[in-house]
Amino acid sequence: MFTVQESEIRDLLNVLNKEYKVFVPAKVGDESKFVPYEDNVEFCWDRNVLLSVKDKFFPQTEPLYKFKTKRQNLEIEPLAPKDEPVLLFGVRSCDLQALNCLDQVFLTKGFVDEFYRTKREQATIVALGCNEAEDTCFCTAMGVDPQKGHGADIQAHWLQGKFALEALTDKGQKIIDTLKSYLKEENLEVPETKGFQLQPDMDGVPEKLKGMFDSDLWTEVARKCLNCGACTYICPTCHCFDMSQDVRGEEGFKYRCWDSCMFEEYTLMAGGHNPRPTKKERVRNRFLHKLCYFPERYNMLLCTGCGRCLSVCPVNLHITSIIDKVKEAN
Amino acid sequence: MSNCTCGHEHDHAANALIPVRAKVINIVEETPDTKTFFISTLDDQKPFDPEPGQLGMLSLPNVGEAMFSVTNKGEKHLEMAIKAVGQLTNVLHEIEVGQEVGIRGPYGNGFPLDFFKGKDILFIGGGIGLAPVRSLIMHCLRNREDYGKLTVVYGARSQADLCFKEDLFTNWPKTPNMEVFITIDNKEEGWDGHVGFVPAYVEELAPKPQATVLCGPPVMIKFTLPVLEKLNFADKDIITTLEMRMKCGIGKCGRCNIGSKYVCLDGPVFSVEELKDLPPEY
């Protein structure tokens, strides 16, 4: 592996910034998120960012095409995707796994989502291992290795005041080659991630949930849930979106934006029928989607154990406690 | 798309979320609240070539976009029968021939044609539910020798609410080896046909068990299924099509799931046997 002193990381990012639009994890007021690298960013290396990198591939609002209507006429103008290589430096394993989930949704099953694909193909990802788990972390329970980002181009570790880099793909190797003059070859030991406090047992849960559609559990869970949707917006794997239009006179554009299965309108049909009319059906669908339906469809869990929903839920309705309850259920 | 994994031979080169421009070339008023729109591309071609039962996303981009079943296709156009029930459909009912629209598709699995081949088929429809069923009936009529006897049982609230009247009263009854039974909910002046709900009419007609397509309002489906069961129809032989709210149409936006299936991709056509494996959430 190759190392660079933490104090010199900005030199390295400045080099990368010439070829890529580089995003780094940073503290921004009370939040933390990936921001374009600039000299004065306040890095966030000690813990994962509050807002995942999901929006770099699947923006919260994304224009799809422009249109013009005049009397009976219609013009449609597709919006060309930005041709801009992006480098994300410091993505945690849980959020990389979330991208692997999104890849399944947006790139498989007959249709490729071009908006997502373009951004995904333009991105180079440097993963960053986790030395210490936060109180809300449970990635290992979801089959994620916090020290190895699956699908990254480079694996980085933040160790002993240094960053250690290891190429995982040719793309990653190329980057390390261009940075060689800043790097020293040495091997540092990567420690096991410390401090996991949550270890929900997922063994057999997706299979068991198949038989729990009518369980009383959902009534109990729904009673507590506020249907606020915070969990879905903060989730790195939630991918549901709405499509709508912004119209100004004769011109307008079609866009998509994040939506939430927690909202009544999400499934409300013209004419008034709603297949998921109450909180109970909506909460049930959310947890079954994450832990049962998605595994059935794509053979992977739609939860990566990042723990964000645990920290934002206003009523402490934790997915980890749902998993425990499923395990306990008769 | 070169990296498309669907295994079908359709063309995914275009961006699936962006509609093509098309125009309305004819509008037929079916009932007071339902119109059939004939749609061609600007160069007078069929916008896409759907299989019976497949769907298309139709838009007036400044109003909205929604999924409709394609009720028939011609050489150079598609037909969609649309009931005015919401924001987009109410505006659609105001447009006139010549209106340009956006359209994309085809979406969904369509009817299992191989399953129906060589069989007698019973079509049961209620209200606008005849729209998707009609795409299969028209297919059978275009390929008449591939199918056995065709029987249609169709009901609506009133005479005025019967869709596709020309097919129901003129075209289909005179087709060899095809029978049409029509009912309306209540007695009314000028109607000497059958009166009563579809489930009861099916029970009265007591057709022999055969391949069946069932589509209509949820209440009609709910009461017709026990009748078919009583008449010894097998779950695997009863085919229905479902409706859900949809936005993308390509299995990404999430909302049309029933369990792990997406109605826009894996449906809208399911057999009752398949539905019994899914959560009853539709």
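In the text below, chain A, chain B and the rest are named by the order of the sequence lines, each starting its count at 1.
A/Glu114 places none of its side-chain heavy atoms less than 4.5 Å from the side chain of B/Ile18. Side-chain contact between B/Val97 and A/Gln72 is absent, with no heavy-atom pair separated by less than 4.5 Å. Side-chain contact check for B/Glu100 versus A/Thr69: every heavy-atom pair is 4.5 Å or farther apart. Counting heavy atoms from C-beta on, the side chains of B/Cys264 and A/Phe111 never come closer than 4.5 Å. B/Cys248 places a side-chain heavy atom less than 4.5 Å from the side chain of A/Met243.
Using a 4.0 Å cut-off between a side-chain N of Lys or Arg and a carboxylate O of Asp or Glu, B/Arg245 and A/Glu265 do not qualify as a salt bridge. Residues B/Asp266 and A/Arg297 are paired through a salt bridge, judged by an N-O separation under 4.0 Å between the basic side chain and the carboxylate. A salt bridge links A/Asp242 with B/Lys247; the closest basic N to acidic carboxylate O contact falls under 4.0 Å.
Put simply, of B/Ile95, B/Leu42, B/Val63, the one with the most heavy-atom pairs under 4.5 Å next to chain A is B/Val63. Between chain A and the residues B/Glu96, B/Lys261, B/Lys23, B/Met246, the most heavy-atom pairs under 4.5 angstrom are made by B/Glu96. Ranked by heavy-atom pairs under 4.5 Å with chain B, the first of A/Arg276, A/Glu296, A/Glu281, A/His239 is A/Arg276. No other option in A/Leu268, A/Leu64, A/Val247 has as many heavy-atom pairs under 4.5 Å with chain B as A/Leu268. Per-residue heavy-atom pair counts under 4.5 Å with chain B were compared for A/Tyr298, A/Phe253, A/Phe213, A/Tyr116, and the maximum is reached by A/Phe213. Per-residue heavy-atom pair counts under 4.5 Å with chain A were compared for B/Pro61, B/Pro279, B/Ala66, B/Gly254, and the maximum is reached by B/Pro61.
Under a cut-off of 6.0 angstrom, the local environment of NZ in A/Lys171 is crowded, with over 12 non-hydrogen atoms contributed by other residues, nucleotides or ligands. Within 6.0 Å of NE2 on B/His93 lie more than 12 heavy atoms contributed by other residues, nucleotides or ligands. With a 6.0 Å radius and a threshold of 12 heavy atoms from other residues, nucleotides or ligands, B/Gln45 has its CD atom above the threshold. Under a cut-off of 6.0 angstrom, the local environment of CD in A/Gln97 is crowded, with over 12 non-hydrogen atoms contributed by other residues, nucleotides or ligands. Shown here is B/Phe223, whose CZ atom has no more than 12 heavy atoms of other residues, nucleotides or ligands within 6.0 Å. More than 12 heavy atoms of other residues, nucleotides or ligands shown are found within 6.0 angstrom of NZ on A/Lys327. With a 6.0 Å radius and a threshold of 12 heavy atoms from other residues, nucleotides or ligands, B/Lys46 has its NZ atom above the threshold. The neighbour count for B/Asp43 CG, taken as heavy atoms of other residues, nucleotides or ligands under 6.0 Å away, is above 12.
Nearest approach of A/Ala270 to B/Gly86, heavy atoms of both residues: CB-CA, 4.1 Å. Contact record, B/Glu65 with A/Tyr65: OE2-OH, 4.4 Å, taken as the closest heavy-atom pair. Minimum heavy-atom separation, B/Gly102 to A/Leu74: N-CD2, 3.7 Å.
If you measure heavy-atom distances from A/Gln245 to chain B, the contacts under 4.5 Å come from the side chain alone. Both the backbone and the side chain of A/Phe241 come within contact range of chain B, with heavy atoms under 4.5 Å apart. If you measure heavy-atom distances from A/Asp214 to chain B, you find no contacts under 4.5 Å at all. For B/Val24, no part sits under 4.5 Å from any heavy atom of chain A, backbone or side chain. Both the backbone and the side chain of B/Pro19 come within less than 4.5 Å of a heavy atom of chain A. Proximity to chain B is limited to the backbone of A/Arg71, based on heavy atoms less than 4.5 angstrom apart. Contacts between A/Ile76 and chain B at a heavy-atom distance below 4.5 Å involve backbone atoms as well as side-chain atoms. In this structure, chain B has heavy atoms under 4.5 Å from both the backbone and the side chain of A/Tyr266. For a residue to count as touching a neighbouring chain, one of its non-hydrogen atoms must lie under 4.5 Å from one of that chain's; by this rule A/Thr267 touches chain B with backbone and side chain alike. Only the side chain of A/Asp259 comes within less than 4.5 Å of a heavy atom of chain B; its backbone N, CA, C and O stay farther away. Using a 4.5 Å cut-off between heavy atoms, B/Leu17 touches chain A through backbone and side chain atoms alike.
With rounding to the nearest 0.5 angstrom, the CG atom of A/Asp113 is 10.5 Å from the SG atom of B/Cys253. Separating the NZ atom in A/Lys210 from the OG atom in B/Ser260 is a distance of 8.0 Å, to the nearest 0.5 Å. Rounded to the nearest 0.5 angstrom, A/Cys240 SG and B/Arg255 CZ are separated by 7.0 Å. Rounding to the nearest 0.5 Å places CG of B/Asn257 at 12.0 Å from CZ of A/Phe294. Note: B/Met244 CE to A/His273 NE2 = 7.5 Å, rounded to the nearest 0.5 Å.
B/Asn62 and A/Arg248 are not linked by any side-chain donor-acceptor pair at a separation below 3.5 angstrom, with hydrogens and angles left out of the test.
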